[in-house]
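See structure below.
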Amino acid sequence: MFVAVEVLARVAWPNGKRWAALRFLGLLPVAAVAALVSYRHLSGLLAHYGEDDLTVFLGPFAVDGLMVMATGALIATGARRTTAETPPVDVRTPIVEIDPIPPIEQTPEVEAPAPPAVEPVQVVQKPAPKRQPSAAARVASAVARSPKASDATIAARLGLSEATVKRHRRQAVDSVSTPPAPTLQAA
């Protein structure tokens, strides 16, 4: 039903008896079949849900009628909106008088002042800071100077943790107590 109303109302059919015959004799039977099928479907659905006989008979008319009226309303408001929004076209060309532009006066050229002289900047390289010996070397030196000092005393003197001193002290003792491996010389 919706499509039938849209085709009848929205399409700009050409004038003539053949077009009118095609429009109404071709489309109206199809719309009638669609209306019949829609009516039977809706009345069967209402009967299935237990509606009374009057509702089963009139209900489909209300639904299909409302759909046809809503389609007509959409078409009517759409037609009004397009005609209201189209501004009138003015085909006249306005004549505009143009004032002559006054000539631009030449200004004397002024030389820009020279930029101030920039003295070159001397880059002074700072000597690289002396690297402090590694924690292992510092612990080994402290143990060599005072081998009977406790780990806590050496850690406090060097600013290290006791765990670091213990780890490096073991490495220093292991490297001193293990004799180097003999090297083979060719005869």
Side-chain angles (χ1 to χ4, degrees), residues 1-129 131-132 134-135 159-164 167:
M1 287 297 292
F2 175 76
V3 174
V5 172
E6 285 284 327
V7 169
L8 280 173
R10 284 201 190 258
V11 175
W13 292 89
N15 294 331
K17 291 182 182 181
R18 285 189 289 177
W19 287 110
L22 178 63
R23 183 177 182 184
F24 291 105
L25 296 177
L27 192 59
L28 287 180
V30 174
V33 171
L36 179 68
V37 170
S38 176
Y39 177 85
R40 291 192 49 143
H41 175 75
L42 286 174
S43 66
L45 188 65
L46 290 170
H48 175 75
Y49 282 109
E51 295 293 330
D52 60 293
D53 290 340
L54 183 63
T55 305
V56 170
F57 178 74
L58 292 177
F61 287 120
V63 173
D64 286 342
L66 181 62
M67 186 171 55
V68 169
M69 292 304 296
T71 305
L74 287 174
I75 293 169
T77 58
R80 188 172 357 130
R81 193 174 304 144
T82 56
T83 57
E85 290 179 2
T86 308
V89 178
D90 188 13
V91 292
R92 296 177 292 153
T93 305
I95 299 174
V96 179
E97 293 184 23
I98 300 174
D99 292 333
I101 300 174
I104 300 174
E105 294 181 19
Q106 295 291 331
T107 57
E109 290 187 25
V110 178
E111 290 185 29
V118 179
E119 295 182 18
V121 178
Q122 290 182 345
V123 178
V124 178
Q125 289 186 347
K126 294 181 182 178
R131 294 186 66 182
Q132 192 173 14
S134 67
L160 300 172
S161 68
E162 283 188 58
T164 303
R167 183 176 69 240

inquiry  = With heavy-atom distances below 4.5 Å as the criterion, would you say the side chains of S38 and V63 are in contact?
reply    = no

ask   = How many angstroms lie between CG in L46 and CG in L54, if you round to the nearest 0.5 Å?
value = 11.0 Å

key: From E51 atom CD to L42 atom CG, the distance as rounded to the nearest 0.5 Å   = 12.0 Å

query = Quick one: side chain to side chain donor-acceptor pair (under 3.5 Å) partners of T164, sequence neighbours excluded?
reply = S161

task = Please identify each residue that fulfils side chain to side chain donor-acceptor pair (under 3.5 Å) with N15, with sequence neighbours left out.
result = none

message = By the ring-ring contact (aromatic ring centres under 6.0 Å, His included) test, which pairs, at least two apart or in different chains, include something from residues 35-54?
response = Y39-F61

inquiry  = Under the rule for side-chain contact (heavy atoms from CB on, under 4.5 Å), what residues qualify as partners of D53, not counting sequence neighbours?
reply    = none

key: Qualifying residues under side-chain contact (heavy atoms from CB on, under 4.5 Å), relative to L25, sequence neighbours excluded   = A21

request  = Locate the shortest heavy-atom distance separating S43 from P60; write the atom from each residue and the value.
outcome  = N-CG, 3.5 Å

